[in-house]
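Report on the following structure.
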Amino acid sequence: VSGTRTPADPAESGLVHAYAARRSSARTGPARWDEMVGFHGRVRRGWRELGAVAESLGPRGLAQVAADAGRLLAEDGVTYRPLGGTEEQTWGLDPLPVFVDESEWGVLEQALAQRALLLDRLLGDLYGPRESIRSGVLPTEIVYAHPGFLRAWDQIPALGARQLFLCGTDLARGTDGAWCVIADRVQAPSGAGYAMANRRVVSRVLPVLHRQAEIHRLGPFFRAMRLGLEQVAPPTAEAARVVLLTPGTQSETAFEQAFLSSLLGYPLVRGSDLVVSDGRVWQRALGRLEPVDVILRRVDSWFCDPLDLRPESQLGVPGLIEAARLGTVTVVNALGSGVLENPGLLPFLPALAKLLLGEPLRLKSVPTWWCGDEASRRYVLEHLDELVVKPLARGIGSTLLDGSELTAAERDDLRRRIEAEPYSWVGQDALPCSTAPTVVDGDLAPRSLVWRTFSVASGAGYQVMTGGLGEVRTADSRLTPRQVGPTSKDVWIRNTRGAPLVEPWVREATPSQVHPLTVSPRVTEDMFWLGRYAERAEDTARLMRAVTDRWSDFQSSPEPAGAEALTVLLEGLTVVTGTWPGFAGAEAGGRVRAPQGELASLLLDEHREGTLAYAVRRLTEVAGDVREQLSTDTWMVLGSVERALHELGASVYGGAVWAGPGLDTSTALAGVVEGMLSLAGLTAESLVRDTGWRFLDLGRRIERAQHVTALLAATLGVERDPETDSLVVESVLIAGESIITYRRRYQARAGISTLLDLLLTDRENPRAVGYQFDRLGESLDRIPGDGERIAAVRNSLIEVRARLRAADTTELARPDADGVRVELRRLLTDLSTGLVGMAADVEKNFFVHAAPLRQMVGSDGEPW
Amino acid sequence: VSALPLPAEAPVTGRRYSLVHRTEYTYDDEVGTSYGRAHLIPRHGGGQQRLSSQVVVDPAPDELREHTDFFGNRSVYFAVTTTHTRLSVTADSVVEVNRPAVDLTALGALGWEEVRDRLANRADLTPDLLEARPFLLPSPMIARSEEVAAYAAGIVRPGLSLGEIVTGLTADIHDEFAYVSGSTSVRTTLAELLIGREGVCQDFAHLAVACLRSAGLAARYVSGYLETRPPPGKPRLQGADASHAWASVFAPGVGWVDFDPTNRQFIDDRYVIAALGRDYGDVPPLRGVIYTESKISKMRVAVDLVPSSDG
C-alpha cells in the first residue's frame, strides 16, 4: 500500500492507464463523465492517491482488497435481503471509494439542504393549507392520485420545526458534469446506516489511504440525527423517549435497522411492542408500559396503523394516527410523506421553490415530463422510444419502463395506458450517468454510479451527510431497473480545510434526561431462547463429541465393556436430545451396531428437533431477531459454526456415506464447541447486565441444569460392571466438561458419588447443577418489575434447590438389590420436573403474547 | 328537463328526525381490546342541521373522541380495553332537514361536456372547481374500468344536459339492476356488478359515481339514511331502517346534487346525510380492529330514523 502523499499521475502505466484507455475508446453516443478519469485520459486531482494505491496493489492486490471487504462484511453480519428473496445476503461493497471535491461539495451541500427544506415545506402545505394546489402551481392529480397522499393524515401538524426529518436524495451526474436528482427518498429512507457500515469496512481494508486522504467523517451526521430526534419530540416530553419502528427481520434492510438502533442508542421495536392507550403511544415492557415520544419509522406508512390505514397490517399500531393527531407522539418521517416520492412533482419543483421558499431551486432534477399536461404528454408519446416512463407511485406491479427496450407492441400498450390515465405517468430522460472505477476480477471496470445523499433536520436547518451511499450498477448506461443486487460504494468528501476530524460527542446529560433502554417482552423472550439454544448447541456438541470418540475407540479396539458402554451412551444421546426412537427402545439394535446414519442426522439435520444443526439454526434465527442487542462479533462466531457444520455436511452427504472411523466429525464438533465458547465469552464479557441479559442467563442456566440432569439420569440410573461404568463415567465427565477437575480432585476416590459431587451438587463448578441454581437465583433477584411474577419462578427454584441440598451423594450413588440407583433416579426426576416447571413459569409470567389482531367484521365475514 | 323520473308524490320538506344507529358485535371468544372508527354522526350543513348527537360504546370505552376528517365528516375514535365478548356502538342524533329543492332548470341548462371541460381546465382556479377536482379521480373501490366506461357511454351521450345525464343514469341503474340483499360483498368489482345486474345501494351508488367519473365529471359517494314508511295500515317496526347510500355529482354554479339510483329519485327531506367520500371505503359507518383469538363474530345493525314528535 502506497504511503506517498503526492503521488505522480499514475495514469502513466498499468491498471489505471488501461482503465482510462478503455474509457475513451468505448465512448459511443453522448460523452459520459467518469469520476476518476477526465476526458483527456488524465486522472482527476482528487483521485491521484487512489490511483496510486490501485497501481501499487496490482490485479492480485485489488482482488485481495475486494475479497477482504467481502469477508469483513460477512463477519460483521452486514446483510440485506433482496426484494422478494427469502435468504439474507451479504451486503455488496466495492472497496474503492468515490471522491468528491470539496468545492463541488460546498455548492451541492447547500443545494441538498435547500431541497430538503423545500420538500419539508411542501409536505406541510399538502397536509395543511394546500396553497400549492390552490394557487394553481401544482396540479390536483399529482397529489390526489398518489397513493402516498394519506387523507387520514390531513391537518396533522409537525410538533417540531420540520415536517420532514430524514430525506434521501439520489443523485447522478449527467453528461454536462453536473449532479442532478433522479429520485427523492422520503417515505422511510434507507441507506444511511449502510453508508456507515461501508465506511467502517473501507477504512479497514484501505487503512493507509483512509488515514492519509483528508476526508469528512460520517459521525457528525448521526449525532445530528440524535439531536434532531430529540428536537421533534412533543413539547410535553421532558426528555424524548425515541424508538425505531421496524417491520421485523424479514425486512430488506433488517440489518441496517438493527445497526442504526445500536448506533443511535434507541430500542428497535415492532408494531406489536407498541400500544396506544390514554391518547398516547406506549412501549410494552416487563409488566408495565413506558411512554414513547418519538417514533423513527422504517415501516411504510400504509402499514403503520391498521385502524386508519391498511386494516390487514400486522406491522402497525392501531390508534397511531389518533395519537399523532392529539400531538402526543411524533412519527418521522410523517406518515403522509410518501406523497413526496413522486416523480410527477419534479417538473413543478422550480415553481414550488419560488412559491414556498421565495428562492430559485438550486439543484436540478432529471428532465421529467408529466403526462397530465397536454404538451408534455405529446412530447412523451412522441419520444417513447428514448424516454424512461414511470408511474407516479412505486407500487407492486408498476415498474419503470425503458422505452428504448420495449417492442413496438409493448410501446403501443404503454401508449394506451398513458392515454387512459395520463396524469398517472411521467416520462424521464434516460440519463447516461457517470461511471466510477470498480474492482471486477482484479481489474478496474467503469460502472454507472448513483449516489444517495442524506439530509436530516437538526438544529435550525438540515445537516447533510458528508458522504453517502454510492451504488454502482452493472446496467451499462441507462437508469433502468437493476437486474442484480446492488454493489455499493463509499463516498469520500475531501476536507482539506482542517475541520476537526473528531467532533466531541461526549456531553453530560442531566440525570432526568437519561432513560434506561426499555426492553420489550418480545426481546426478553428472544434473549431467553438465545441463551437456551446457545447452551443446547454447546451441550449437544460436547455430548456428541464424547459419544463419537467412544465409538471411534471401540472401532479400533472392540472390547465387550466398550460395546456395553457405547450402547449406554448412544441411548443416553437419544434420551438427552429427545430424538426418539434413535438409539433407544427395542428396535434400536441395528442403529446401535451401525450408528453412522443416525449420528449424521443428529449432527446435520437442521429440521429435526433435538439435533445439533437444529439448535444452531434456531440460535441463528433468534440472534437475527435481536441483533441490535448483540455484539457484531456474534455474526463472525455464528458464521464459523454454520460453516463447520456445512463442511461436514458436504463431506458426509456429498461423497461417500459415513466411512467408519476414517471419517472425522471431530473437526466439525470442535468448531461448534469453539464457536459456542466464543459466544459464551461474548455474552459474558461484551453485554451489559440489563434485563435482556438476565433472561439470556436464565435461559442458559435452566438449559444447562436440564441437560446435566438428563445426562446423569440416562447414564447412571443403574449400576453396571466396573469396566463399563468406568468408560461411561469418563464419557459423562468429558461431556460435562469436568474430566480434568475430576481427575485432579478425586484421583483416589473415583466413583459415582464423587462424580455426583462434581456435576450435581457442586456450587463452584460452572458445569454443575448446584452452580446453575445459584446463578438462577442471582438473575431472578435482578429482574425488575413486580415481585409476584418473579415469585412463582423463585418458589420453584427454592424447592429444587432445597431438594438438591438435602441430597447425600454417597446415598445417591448406592444401588438397591437390583442394581438400580433409586434415590438418584428420584432426585433427578424431581429436579427435572422442577426445571421444566420453572421454564414454563418464566414463559407464562413474562412472555405474554398479545392475541392476534383482526378486523371487526360482519357475520358474513365482510364489513358490508 | 322534461322526463325526470321523480316519484309521483311531491318531495317531502322540513323534517326533524330522531336517528338511532346501533351496531352490536358478539364474539365466540374474549376480545381484549377493540379500536374503532365510526362515521355515524350526521353531517351538519348542506340542507340539514345536527341539533344533537351522542355516541355510546358499551363496554365503556377508555377513549372516545371525535374530529372532523378530510371530507368534513365527523369521525369518532374509540378504544375499549375491558375484556368483552359483546360490543355495541350506538349513535343517537337529532337532525333537522330542510333542503332547497334541486334546481332542475339550472341542471337542464348545463351541458355535461361544458362541465367536463371546465373541470379539466386547470387554469380555472374557482374554489368550488378546485374542491370538486379530486372527485374526478378513480378511488380504491372505484377503479378505472373499461366495462364501466362502455356502460356509461350509453347514457352519457353527446349534447345532453347534466340534468339529463343524472336522470338517465338514475333511471337506468334503477331499472336494469335488481336490489338483492347479500348479492355482493366489498370485494365485488363494478365489472362483476355489470354482469350480475344485482346488488345493494352501495353498489348502485358506486356504479353511478364510476359512470360520472368515466365521463370526466366529479362525483362522490354519500352514506346516510332514508326514512321508510310502513305499508298502509301497518305499525312501524323498530329497527326496520337501514343505512343507505347514494351518489352526488358536481354542477358548477349549482353545487353538489345528490341522487339516489336505488330509489330513482333526487334526495329530499326524507334523507339524512351521514358522511361523504370518494367511495364506501372512506366512510364505512363502523370499522375497527380487535385483539382476540375469536374467529367467529356476529354483527347486528338496527337503524331507526323516526320523525321527531316536536318536528
So with a 6.0 Å cut-off around CD of B:Glu146, is the heavy-atom count from everything else above 12? no
Non-hydrogen contacts under 4.5 angstrom with chain B: give the residues of residues 313-323 of chain A involved, or none if there are none. A:Pro318, A:Gly319, A:Glu322
Do you know which of B:Leu130, B:Leu125, B:Ile296 has the most heavy-atom pairs with chain A at a distance under 4.5 angstrom? B:Leu125
Counting only non-hydrogen atoms closer than 4.5 Å, does A:Arg134 touch chain B with its backbone (N, CA, C, O), its side chain (CB onward), both, or neither? both
Quick check: do A:Glu421 and B:Pro138 have side-chain heavy atoms less than 4.5 Å from each other? yes
Report, as yes or no, whether the 6.0 Å neighbourhood of atom CZ on B:Arg300 holds more than 12 heavy atoms from other residues, nucleotides or ligands. no
Taking 4.5 Å as the heavy-atom cut-off, does anything in residues 138-149 of chain A contact chain B, and if so which residues? A:Pro139, A:Thr140, A:Glu141, A:Tyr144, A:Ala145, A:Phe149
Using heavy-atom distances under 4.5 Å, tell me whether A:Asp278 contacts chain B through its side chain, its backbone, both, or neither. backbone
Do A:Ile133 and B:Arg133 touch side chain to side chain, with heavy atoms closer than 4.5 Å? no
Using modelled atom types and a 3.5 Å cut-off, is there a donor and acceptor pairing between side-chain atoms of B:Tyr35 and backbone atoms of A:Val276? yes
Which atoms of B:Glu293 approach chain A - backbone, side chain, both or neither, heavy atom under 4.5 Å: both
Result block: side-chain N/O donor-acceptor pairs under 3.5 angstrom for residues 75-83 of chain B, not counting sequence neighbours:
{"residue": "B:Ser75", "atom": "OG", "partner": "B:Arg37", "partner atom": "NH1", "Å": "2.9"}
{"residue": "B:Thr81", "atom": "OG1", "partner": "B:Asp62", "partner atom": "OD1", "Å": "2.7"}
{"residue": "B:Thr81", "atom": "OG1", "partner": "B:Asp62", "partner atom": "OD2", "Å": "2.7"}

Residues of residues 150-158 of chain A contacting chain B, heavy-atom criterion under 4.5 Å, by residue number: A:Arg151, A:Asp154
Quick check against the 3.5 Å criterion: does B:Arg287 have a side-chain atom that pairs as donor or acceptor with the backbone of A:Met856? no
